[in-house]
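The block underneath contains the structure these notes are about, expressed in structure tokens.
Small disclaimer: the values here were computed from a predicted structure and weren't measured.
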Amino acid sequence: MADSSPPTIESMIDSFNNVSLVEECWVDALPILKEASNDMYLGQLIHSKDFQLESATHSLEIMNPKLDTRAKGEHFYMPEQLFDEGSIPKDSTLDRKQIIKIIDRLVGLEISWIEGEALPTTLFSCMYLHFPQRLENQIFSTYVNSLLATCDAINQIVSRGDICCEEDFNLSDFGLALLYPANIHMVVNIRQLEELIDQLDQEIKTEKSKPTKDLDELKILVSLYNRILFRKLFYIIIFSLSVSNLVLAIKSIKEILPIIEFLKNDGYNNRDDIVVPTEIFNGGLVSKLYSSVGAVPQEKTYTVAISSFEKLFNDFQTLFKMPHLLDSTIQRQQLLQLQQQQQKQQQQQQQQQQQQQQQQQQQQDTTTEEIDNNNASETTAPVVTGKNKSKVEKSEPIKIGAILDYHFYFSRPSPNIVVRSVLRRLLFPLPLGQFFKNDTMEESLIEWMHEFGIPMDKLEDREKEGVPTFIDTLSKVIQKLFVHMALNRARQRRKLKVSLFELSLLQNEADILDTKIAKDPTNVSIYFGSFVFHLKLRVMQHYLFLGFELDIYSNHEFPSVYYYLDYFYNIQSNVSNYVYKLNYNQQQQQQKQQQQQQQQSSSNKKNKNKNKNNSTTTTTTTTQSTTPLPPQPPTIERTLLVAYHTAVRAMFRFLVVLKQHGKIVDPICDFGTDDLRFMKKFEPFFNPPYQQPEPLTNEICKNSTKTTEPWISLVITTLDILKQSKAAVDVLLLPESKFKVPVPFYQVEEAKQLQRSILSMRLQIQKLLPSFDLSKLTIEKVLALPIPKFSIQIETKPYFPNINIKLD
């Protein structure tokens, strides 16, 4: 008798699991659910062991229009499927005008991607880039191949730079292919571009040679020619920088700048007479395929894109002017020349030896061995020896101070992430990632400290006191500072807090080191501490100036910032004077000792009276000790320091006048305190505590703007201070340098920028002075003159804001 009992749940599950997935089979699940529901009560749930209720609540709900994008029945086709269906026109059907307009639009999309937008919403909003291998038009396919290869090289440069932040660049390719067999080789891409350029050039010549020229066709050919040439040169620039070939990059940038000037006035993107099928660019489809939030396609106009490319190439030119960047290339050329000279010398020596061998037949055995040895040495690579070797190996030390000054200047124009990535890897090349070479940082740092004023006897042979360890630690801090300076300005300002903290700790170590080195503990000469202090002050000044570039200061905070800058510049000049005084006194003591030794030797020879000798020595020492300290010799750094110091002080006094007369007003804030906001604004100067220089408080900065001096006295003295600043700037801008070395280009540019700020400030301040001659009035009447009624408009600029005064 057959078993008529209902099947168990386990048997149903086993039978369901044993069903083959190949054949189509449907199993009724209702009996299982009914059997299970009989043994369950409300609140129970059948689930597997790895089930989590929280994950289930976050899962997508099928057929919910808000969660399921396919609930409305829409079907998304891939770009290549649309191309197969004919929705996207074939590129072979496009004429040359349409191709030019598409290229101009791709230029705007490319610069948008370089400046931080995502790849799908920029370049790949053009449907043709999804299937470049299927393009048939020779001009357009060649352009697209080199465009994608350029994008891949840019991605590699930024990735190797290792300074990219999320707001700088989007490194993700979203699975989109930039390289494929047709454009993976650089030589093939360049050859295709050159063939296309030669073809267009021949067509241009043919069109010009016709008796009746078609000007419209000729213009189209010239426009295509320049766009393909631009693509070729840009690809060469990016690829050469990715392999650190600076010579080729410099040459290509010089060639591409005239083409940029042509493209500025040759845009086709805004021409309404040229119609491009709308299906070619489909940003909506791309945002649905590659974004879950419906990203909006980003595209810059053609004019803005060309201007951005021009700035990119100008930043590259500025990058190549960095001090010591091209020294390695020059040294290699010198090495090759010396090797060629040595080869000629070796050949001459061999000829002389052969002549001697023929004359001296008696020493054939010994001479043949020497010839074999010489021949064996010829097979190896020529080695630079002797005096020539010292010329190459002992190259000019790298001036780290000059490179740091360059970084302070180079961060001002906010260079592109591609430029900054190249700078990072040129300064710290891979694979080691160390500064230029393995052994130059410490040597160059010692040279920089010696130029600052630290005697060489305190830098060398001081292992017991720990000088090598201190220099090694300082070199690591400076290397980290260089990396921070390569970041964008917002991130750079954050990271400079770390550098300031490290320099503060290092300053304490430097003071301890000075105490160890000092012969007399009661009379310590602070050399190392002064050097670190000087470097820290420069970073502090740059930190404050970055606030103006980022526009994070309010108008009422300007007086406090410039009072702080005046405070820092004053301390920096005092540190420089202190080190100069130390070295001057040391030189005077050495001269005294030499004079005393000479006098003692002469007295021993001539047998003079000892009392006379003692009296002469005492008189000479007293006269030398009373000689005044001569002024410091002028240098580029000190002159620029004076220019900035006086300009900052003048700006502070000008702001005091504006605040006294109600043009700059402190806001009323019910939440928080002014002291707390002040400490937050100048946070790095308070952390760590008890550091030098002593941080200023909010009360000190507020009291600095309170004065009883009349407004006209403040204005006139401010103009006098600006004259001093302008005089220092004029010295830096002289055609023939008055210094021992020519003024570097970046300091010339800083001086020009400062000169423009000084002239603008003078013109605005002079508006407040009366138009009549003040010399006819007495001092009492001049000081009693009322200030005219006026209004101001402040425009924030790097370093110094533009304060426009309008008289009522």
Side-chain angles (χ1 to χ4, degrees), residues 78-80 83 88 91 102-103 105-162 164 166 168-193 196 227-228 230-243 245 249 252 280-283 285-287 289-291 295 297-300 305 308-309 312 416-419 421-422 425:
M78 300 301 291
E80 195 167 358
F83 184 73
I88 301 175
D91 61 311
I102 293 173
I103 288 175
R105 192 167 178 182
L106 287 174
V107 168
L109 294 169
E110 181 181 12
I111 200 65
S112 299
W113 171 69
I114 292 175
E115 293 182 354
E117 300 296 338
L119 192 61
T121 58
T122 52
L123 282 170
F124 278 83
S125 62
C126 177
M127 299 292 100
Y128 289 134
L129 269 64
H130 291 267
F131 43 88
Q133 69 279 1
R134 300 186 62 178
L135 298 179
E136 299 176 358
N137 189 295
Q138 180 191 3
I139 297 175
F140 190 63
S141 63
T142 303
Y143 185 90
V144 168
N145 288 340
S146 57
L147 170 63
L148 295 176
T150 305
C151 294
D152 181 74
I154 290 175
N155 214 336
Q156 291 182 11
I157 289 175
V158 177
S159 178
R160 292 173 184 172
D162 198 21
C164 175
E166 57 185 7
D168 290 327
F169 190 80
N170 197 328
L171 285 169
S172 175
D173 57 4
F174 294 86
L176 299 169
L178 295 175
L179 295 180
Y180 64 103
N183 71 339
I184 196 170
H185 298 292
M186 183 264 189
V187 178
V188 176
N189 296 331
I190 295 298
R191 186 174 67 248
Q192 291 177 353
L193 288 168
L196 182 56
R227 281 160 175 78
I228 301 300
F230 168 82
R231 179 51 53 190
K232 171 199 166 186
L233 293 174
F234 186 44
Y235 178 50
I236 292 175
I237 292 169
I238 296 300
F239 186 83
S240 58
L241 290 175
S242 65
V243 295
N245 189 347
S252 301
I280 295 177
F281 292 91
N282 193 343
L285 175 62
V286 171
S287 63
L289 291 176
Y290 295 96
S291 175
Q298 302 294 328
E299 179 181 356
K300 292 185 179 295
S308 299
F309 272 113
L312 177 66
N416 192 279
I417 179 61
V418 182
V419 182
S421 299
V422 173
R425 279 307 157 213

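- Two residues are said to be in side-chain contact when any heavy atoms from C-beta on lie closer than 4.5 Å; Ser421 and Ile417 meet this criterion.
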Compile the donor-acceptor pairs under 3.5 Å between side chains in residues 178-186 and protein atoms, sequence neighbours left out, one pair per line.
{"from": "Tyr180", "atom 1": "OH", "to": "Asn145", "atom 2": "OD1", "distance (Å)": "2.2"}
{"from": "Asn183", "atom 1": "OD1", "to": "Tyr180", "atom 2": "N", "distance (Å)": "2.9"}
{"from": "Asn183", "atom 1": "ND2", "to": "Asn145", "atom 2": "O", "distance (Å)": "3.1"}
{"from": "Asn183", "atom 1": "ND2", "to": "Leu178", "atom 2": "O", "distance (Å)": "3.2"}

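- Take Phe83 and apply the ring pair (Phe, Tyr, Trp, His ring centres under 6.0 Å) test, not counting sequence neighbours, and it matches Phe131.
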Run the side-chain contact (heavy atoms from CB on, under 4.5 Å) check on Ile228 and Thr142 step by step: do they pass? CA-CA 9 Å; Ile228 301 300; Thr142 303; 5.8 Å; no
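- For the residue pair Val418 and Asn416, the shortest heavy atom distance occurs at N-OD1, 2.9 Å.
- Note that the OG atom of Ser308 and the NZ atom of Lys300 stand 5.5 Å from one another [nearest 0.5 Å].
- Side chains of Pro120 and Leu176 form a contact here, defined as non-hydrogen atoms less than 4.5 Å apart.
- In this structure, Ile139 CD1 and Ile103 CD1 are separated by 8.0 Å, a value rounded to the nearest 0.5 Å.
- Every side-chain contact (heavy atoms from CB on, under 4.5 Å) that Ala249 has, sequence neighbours left out, goes to Ser240, Leu241, Phe320.
- Considering all non-hydrogen atoms of both residues, Leu119 and Ser172 come closest at CB-O, 4.4 Å.
- Of all heavy-atom pairs spanning Phe169 and Trp113, the tightest one is CZ-CZ2, 3.3 Å.
- Residues that satisfy the side-chain contact (heavy atoms from CB on, under 4.5 Å) test with Glu117, not counting sequence neighbours, are Ser112, Thr122, Gln298.
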Test side-chain contact (heavy atoms from CB on, under 4.5 Å) applied to Ile88 and Asn282, step by step: CA-CA 10 Å; Ile88 301 175; Asn282 193 343; over 6 Å; no
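- Here the closest heavy-atom approach between residue Ser252 and residue Ile237 is recorded as CB-CG1, 3.4 Å.
- Residues that satisfy the side-chain contact (heavy atoms from CB on, under 4.5 Å) test with Arg191, not counting sequence neighbours, are Val187, Val188, Glu195.
- In this structure Arg105 satisfies the salt bridge (Lys or Arg N to Asp or Glu O under 4.0 Å) test together with Glu299, sequence neighbours excluded.
- Remark: Phe140 engages Tyr128 in a ring pair (Phe, Tyr, Trp, His ring centres under 6.0 Å) (not counting sequence neighbours).
- In terms of heavy-atom proximity, Leu148 sits nearest to Ala177 at CD1-O, 4.5 Å.
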Please list, one pair per line, the donor and acceptor atoms closer than 3.5 Å that link side chains of residues 149-157 to other protein atoms, with sequence neighbours excluded.
{"from": "Thr150", "atom 1": "OG1", "to": "Ser146", "atom 2": "O", "distance (Å)": "2.7"}
{"from": "Asp152", "atom 1": "OD2", "to": "Gln156", "atom 2": "NE2", "distance (Å)": "3.0"}

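- Every side-chain contact (heavy atoms from CB on, under 4.5 Å) that Ser141 has, sequence neighbours left out, goes to Leu135.
- Formation of a donor-acceptor pair under 3.5 Å by the Arg425 side chain with backbone atoms of Arg160 is found in this model.
- Here the straight-line distance linking atom CD1 of Ile102 with atom CG of Asp91 works out to 8.5 Å at 0.5 Å rounding.
- The shortest side-chain heavy-atom distance between Val286 and Met127 falls under the 4.5 Å cut-off.
- Residues passing the ring pair (Phe, Tyr, Trp, His ring centres under 6.0 Å) test with Phe124, sequence neighbours excluded: His130.
- By the ring pair (Phe, Tyr, Trp, His ring centres under 6.0 Å) test, Phe239 is found to be paired with no residue, residues two or more places apart in sequence or in another chain being considered.
- Within the structure, salt bridge (Lys or Arg N to Asp or Glu O under 4.0 Å) contacts touching residues 120-139 (residues at least two apart or in different chains) are Glu80-Arg134, Asp84-Arg134.
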Show, in sequence, the C-alpha distance, side-chain angles and deciding distance for Leu106 and Phe281, and conclude whether the side-chain contact (heavy atoms from CB on, under 4.5 Å) test is met. CA-CA 10 Å; Leu106 287 174; Phe281 292 91; 4.3 Å; yes
